[in-house]
Protein chains: 2
Amino acid sequence: MGTLADEIEKYIKKMLDVSLKGFLEVKRNDLAAMFLCVPSQINYVLETRFTNEQGYHVESRRGGGGYLRIIKLGVKPGDDLLTLVNSTIGKMISQQSGEGLINRLEEEKFLTKRESVLIRAIIDKNSLGLNQPEQDLLRARILRSVLISLLREDL
Amino acid sequence: MGTLADEIEKYIKKMLDVSLKGFLEVKRNDLAAMFLCVPSQINYVLETRFTNEQGYHVESRRGGGGYLRIIKLGVKPGDDLLTLVNSTIGKMISQQSGEGLINRLEEEKFLTKRESVLIRAIIDKNSLGLNQPEQDLLRARILRSVLISLLREDL
DNA sequence: GATGTTTTGACCTTTACTGACCTTTAATAT
DNA sequence: ATATTAAAGGTCAGTAAAGGTCAAAACATC
């Protein structure tokens with residue numbers, strides 16, 4: 001039943017559940033061979049079903065010994081940080097809004113003092129440089145990946 | 001596990017840890033024989049994993065009685081992080097070199113695990129976007145201001 | 001049949017590994 | 001002393017082994 005993409009999705013999720021480490025490491029080619037499809041099909045599944053919004057973070061390495069690592073984000077039930085992050089950071093974000101978010105996350109103890117100082121330093125217009133609107137786009141990309149990376153369950 | 005290069009890296013690091021002198025002296029041919037690879041593989045490992053940014057210095061001698069000497073550059077207390085940062089980060093810095101520096105600072109306990117994960121996310125090419133050489137310029141600016149922000153007295 | 005989703009394949013980039021050839025140093029022979 | 005040989009390590013280009021991208025084709029839905 002379902003599409004091939006659905007099958008691959010189910011398989012990955014099952015493997016993630018079984019794994020004790022909170023992440024799964026596989027070779028793209030192996031997965032493709034297992035499901036008799038082209039390797040890029042795996043990327044399609046990851047892009048459509050393992051996004052940040054859906055609570056996953058994917059990293060990879062190319063070259064000999066390369067791999068895909070699919071990491072489950074540890075989002076605590078109740079205060080949905082992921083939702084907050086996603087609703088506050090769109091395609092672009094101003095320095096002001098960014099700082100607002102950081103302040104809030106610091107107050108809520110998701111970020112330490114040092115971490116928030118560090119992140120404020122990055123999203124400062126002087127560190128980023130660039131003109132508008134590129135600066136706001138860049139700030140959004142950076143802020144999103146930084147916060148998502150801190151949600152990793154294996155941390 | 002990983003690749004042959006990873007194995008060799010692990011072996012050298014273990015030997016360094018065990019050694020009381022802070023450096024390790026080996027024969028390139030012996031190492032190659034031990035790992036059943038060509039001698040130039042050893043150079044590959046040294047070039048990719050024992051760079052200056054990563055806190056190592058390699059010296060060698062050719063000819064009869066030749067050797068490789070791998071020296072760990074510890075950061076002594078009292079050493080100035082600012083000097084280290086400035087000497088490592090120039091006008092531009094690649095993702096690889098940046099990660100090398102972060103790894104080193106984490107190992108030396110200047111950064112917590114979370115902080116290093118966070119900074120790695122920032123300097124990732126996918127967060128930064130842009131093409132070369134703008135990306136390497138931006139990475140240098142950001143990395144410098146992030147690390148310097150952590151030197152604040154009140155942290 | 002228009003629209004959205006899935007599947008495929010051709011081409012690209014990154015990382016690991018190998019081997020042929022080169023340079024330097026020490027030991028030995030003349 | 002000098003020349004020769006042996007014993008190291010260095011370099012670089014080429015090949016192999018991964019994963020990434022993007023657009024077109026196929027399929028599904030309404």
Side-chain angles (χ1 to χ4, degrees), chain A residues 1-12 23-51 54 56-71 145, chain B residues 1-12 23-51 54 56-71 94-100 103 120 123-133 135-136 139:
Chain A
M1 89 171 145
T3 64
L4 215 206
D6 293 335
E7 299 288 321
I8 298 173
E9 175 191 3
K10 267 194 298 185
Y11 175 77
I12 294 176
F23 67 88
L24 170 66
E25 215 170 273
V26 280
K27 293 213 178 274
R28 188 180 73 153
N29 286 336
D30 289 354
L31 256 191
M34 179 179 301
F35 287 96
L36 303 172
C37 63
V38 294
S40 56
Q41 173 78 343
I42 307 301
N43 296 81
Y44 174 72
V45 174
L46 294 177
E47 279 154 25
T48 54
R49 287 135 159 105
F50 293 86
T51 64
Q54 292 162 40
Y56 299 91
H57 173 67
V58 177
E59 40 191 58
S60 65
R61 218 167 123 195
R62 300 190 183 183
Y67 58 80
L68 296 173
R69 182 184 291 152
I70 301 140
I71 304 165
S145 55
Chain B
M1 207 180 21
T3 63
L4 178 57
D6 293 335
E7 301 284 324
I8 298 173
E9 175 191 4
K10 267 193 297 186
Y11 175 77
I12 293 175
F23 68 89
L24 170 66
E25 217 170 272
V26 280
K27 292 210 178 279
R28 189 180 73 153
N29 285 336
D30 289 354
L31 254 192
M34 178 179 304
F35 288 97
L36 302 172
C37 63
V38 295
S40 56
Q41 173 78 345
I42 306 302
N43 297 82
Y44 175 72
V45 173
L46 294 177
E47 279 155 24
T48 53
R49 284 129 158 112
F50 292 87
T51 64
Q54 293 169 72
Y56 298 91
H57 174 65
V58 177
E59 41 192 59
S60 64
R61 222 169 116 194
R62 300 188 181 186
Y67 58 82
L68 296 174
R69 182 183 292 153
I70 301 142
I71 304 163
S94 69
Q95 182 172 348
Q96 232 200 358
S97 299
E99 283 175 356
N103 291 343
R120 268 189 224 104
I123 65 172
D124 190 286
K125 60 181 173 336
N126 296 318
S127 312
L128 296 181
L130 308 187
N131 300 325
Q132 295 298 0
Q135 183 181 103
D136 284 2
R139 184 180 292 108

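As the structure is a prediction and not an experimental result, all values here were calculated from the model. Within every chain, numbering begins at 1; the chains are lettered A, B, ... in the order of the sequence lines, protein sequences first and strands thereafter.
Counting only N and O atoms by type, the side chains of Asp6(A) and Thr3(A) include a donor and acceptor under 3.5 Å apart.
Note on Ser60(A): a side-chain N or O is less than 4.0 Å away from OP1 or OP2 of dG20(D). An OP1 or OP2 oxygen of dA17(D) is reached within less than 4.0 angstrom by no side-chain nitrogen or oxygen of Asn29(A). At the phosphate of dC17(C), neither OP1 nor OP2 sits under 4.0 Å from any side-chain N or O atom of Tyr44(B). Contact annotation: Lys27(B) does not reach the phosphate of dG9(D) (side-chain N/O to OP1 or OP2, under 4.0 Å).
The nucleotide whose nearest atom lies closest to any side-chain atom of Arg61(A) is, among dT18(C), dG9(C), dA16(C), dA16(C). Looking at the side chain of Ala5(A), the nearest of the listed nucleotides dG20(D), dG19(C), dT7(C) is dT7(C).
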Report the C-alpha distance between Val26(B) and Ile12(B) in whole Å, list the side-chain angles of each, state the deciding distance to 0.1 Å, and finish with yes or no for side-chain contact (heavy atoms from CB on, under 4.5 Å).
-> CA-CA 9 Å; Val26(B) 280; Ile12(B) 293 175; over 6 Å; no
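Taking every heavy atom of both residues into account, Ser60(B) and Leu68(B) meet most closely at CB-CD2, 3.7 Å. Contact record, Asn29(A) with Pro39(A): OD1-CG, 3.6 Å, taken as the closest heavy-atom pair.
Base contact: Gly64(B) has a heavy atom under 4.0 Å from a base atom. Within 4.0 Å (heavy atoms only), Gly66(A) reaches sugar-phosphate atoms of the nucleic acid but no base atom. Within the nucleic acid shown, Ser40(A) comes within 4.0 Å of at least one base atom, counting heavy atoms only. Residue contacts for Leu4(B): at a heavy-atom cut-off of 4.0 Å it reaches the sugar-phosphate backbone alone, with no base atom in range. Within the nucleic acid shown, Arg49(A) comes within 4.0 Å of sugar-phosphate atoms alone, with no base atom in reach, counting heavy atoms only.
Atom CD of Glu59(B) has more than 12 neighbouring heavy atoms from other residues, nucleotides or ligands inside a 6.0 Å radius.
The distance from atom CG of Leu68(B) to atom P of dT24(C) is 17 Å, rounded to the nearest whole Å. Note: NZ (Lys125(B)) to C1' (dC12(C)) measures 13 Å, nearest angstrom. Distance CD (Glu47(B)) to C1' (dT14(C)): 16 Å, rounded to an integer number of Å. The distance between atom CD1 of Ile70(B) and atom P of dG9(D), rounded to the nearest whole Å, is 11 Å. Here dG19(D) presents its P atom at 9 Å from CG of Leu31(A), a figure rounded to the nearest Å. dT7(C) atom P lies 14 Å from atom CG of Leu46(A), rounded to whole Å. Residue Asn43(B) contributes atom CG, which lies 16 Å from atom P of dT23(C) at whole-angstrom precision. Remark: C1' of dC27(D) and CD of Gln41(A) are 13 Å apart, rounded to the nearest angstrom.
With contacts defined as side-chain heavy-atom distances shorter than 4.5 Å, the pair Phe35(A)/Glu7(A) qualifies.
Take the nearest nucleotide of DNA chain D for Asn126(B) and for Tyr67(B): the residue whose nucleotide is more 5' is Tyr67(B).
One donor-acceptor pair, N or O on each side, does fall under 3.5 Å between the base of dT23(C) and the side chain of Arg62(B).
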